[in-house]
Amino acid sequence: MPLLVVPYRDEQGRIQACQLRLHRNDVPGGEKKYRWLASPLERHGTSSGTPIHFTFRPTDLPRGHTVIITEGVLKAETLVSLRPKARVITTSGVNCSHAQIIDAARDYNALIAFDADYKTNPAVARQLARLIAARERDIAARRLSTNTKIVTWQKYKGIDDALLVNAPLEIMNILRWYSTLESRTHAEVKRVWDEANYRPWISLVKK
């Protein structure tokens with residue numbers, strides 16, 4: 001069946017890597033539908049790495065504005081098609097390229113809009129918690145005034161699916177988001193934050 005080629009663009013709009021999306025009829029059982037266009041196992045081959053994707057050029061967006069962080073280029077581009085004013089930075093997965101995401105979004109307020117499966121999957125919640133803690137620790141270390149908030153919605157997995165049906169979105173600060181987690185994911189997030197020595201509730205008490 002035909003393949004869909006999905007380009008990942010850098011901060012200057014240049015294509016830096018591509019993913020291939022396989023038709024569902026061509027995806028072997030237990031494997032993923034996305035593959036990087038790469039040849040690391042070939043002689044003189046090369047890896048694609050795991051780059052992040054920009055829907056905008058950072059040089060055109062002043063510091064202090066807001067960007068959305070999500071996962072998957074198609075999701076990001078769908079978001080922008082439905083909300084043209086959105087500026088989106090995306091990674092290929094919730095566990096990928098955290099350092100690159102933090103570096104790219106450092107000058108901006110961030111709305112994190114990863115898929116909603118973190119609500120029931122502690123492994124996914126762990127990766128989201130890692131990104132939140134790493135970004136907030138980076139903000140504190142550099143004494144920045146930017147902030148981090150979480151975008152949530154009900155029923156649908158991705159923010160693109162939610163926007164397609166005009167489902168309401170809610171923007172929460174970190175502690176409010178943390179308070180909404182069910183017991184398993186709540187415990188996993190706290191464990192990750194304790195490991196990272198990140199405790200947002202303590203900073204709130206000090207204020």
Side-chain angles (χ1 to χ4, degrees), residues 6 8-9 34 52-58 60-98 100-102 104-136 138-139 144-186 188-190 192-193 198 200-201 204:
V6 184
Y8 273 65
R9 296 185 180 273
Y34 283 99
I52 60 176
H53 171 78
F54 295 79
T55 67
F56 68 100
R57 295 192 180 193
D60 297 332
L61 187 67
R63 293 183 175 185
H65 281 235
T66 298
V67 298
I68 299 172
I69 298 171
T70 190
E71 54 180 304
V73 168
L74 293 182
K75 192 174 280 89
E77 294 296 340
T78 300
L79 196 164
V80 172
S81 72
L82 296 170
R83 297 290 188 274
K85 292 184 180 180
R87 301 294 180 264
V88 186
I89 303 171
T90 186
T91 179
S92 58
V94 68
N95 63 332
C96 298
S97 310
H98 287 191
Q100 291 175 264
I101 286 285
I102 291 167
R106 181 171 289 125
D107 292 334
Y108 307 109
N109 298 314
L111 299 177
I112 300 179
F114 282 160
D115 286 355
D117 49 352
Y118 71 80
K119 296 177 182 179
T120 56
N121 187 334
V124 176
R126 176 180 179 81
Q127 298 302 326
L128 178 51
R130 283 183 58 240
L131 176 60
I132 292 170
R135 174 176 158 84
E136 287 296 293
D138 183 75
I139 288 173
L144 304 176
S145 59
T146 50
N147 61 62
T148 308
K149 295 184 178 180
I150 318 300
V151 185
T152 69
W153 54 89
Q154 302 298 322
K155 296 183 180 179
Y156 302 95
K157 182 181 179 183
I159 189 173
D160 55 337
D161 298 322
L163 289 174
L164 282 169
V165 296
N166 287 318
L169 305 180
E170 184 175 359
I171 298 175
M172 301 181 180
N173 65 33
I174 293 171
L175 282 177
R176 168 63 179 147
W177 171 79
Y178 178 66
S179 72
T180 66
L181 300 176
E182 59 95 16
S183 58
R184 287 194 311 147
T185 52
H186 188 279
E188 184 65 17
V189 168
K190 184 177 186 303
V192 172
W193 286 353
Y198 169 65
W201 45 86
L204 184 66

Parallel, tilted or perpendicular for Trp193 and Tyr198, by the 30°/60° rule? perpendicular
Which pairs with one or both residues in residues 120-135 pass side-chain hydrogen bond (donor to acceptor under 3.5 Å, both in side chains), sequence neighbours excluded? Arg126-Glu188, Arg126-Glu195, Gln127-Arg130, Arg135-Thr148
Does some side-chain heavy atom of Lys119 sit less than 4.5 Å from a side-chain heavy atom of Thr185? no
Shortest non-hydrogen contact between Ala105 and Val67, atoms and distance: CB-CG2, 4.1 Å
Applying side-chain contact (heavy atoms from CB on, under 4.5 Å) between Ile132 and each of Ile150, Val192, Val189, report the one that passes. Ile150
Keeping Asn109 on the side-chain end and Asn147 on the backbone end, is there a donor-acceptor pair under 3.5 Å? yes
Which heavy-atom pair separates Phe54 from Ala104 by the least distance, and what is that distance? CZ-CB, 3.7 Å
Write down the atom of Ala110, the atom of Ile69, and the distance for their closest heavy-atom approach. CB-CD1, 3.9 Å
Kindly give the heavy-atom pair with the smallest separation between Asp115 and Gly158, and that separation in Å. OD1-CA, 3.5 Å
Can you tell me which residue pairs pass the side-chain hydrogen bond (donor to acceptor under 3.5 Å, both in side chains) test with a partner in residues 149-174, sequence neighbours excluded? none
Residue of the set Ile68, Leu131, Val94 for which side-chain contact (heavy atoms from CB on, under 4.5 Å) holds with Ile112: Leu131
Are Lys75 and Leu79 side-chain neighbours, meaning at least one heavy-atom pair lies under 4.5 Å? no
Sort and list the pairs that fulfil side-chain hydrogen bond (donor to acceptor under 3.5 Å, both in side chains) and have at least one residue in residues 76-91, not counting sequence neighbours. His53-Glu77
Shortest non-hydrogen contact between Ile52 and Ser97, atoms and distance: CG2-CB, 3.7 Å
Smallest separation among heavy atoms of Tyr34 and Val6, with atom names: CE2-CG2, 4.4 Å
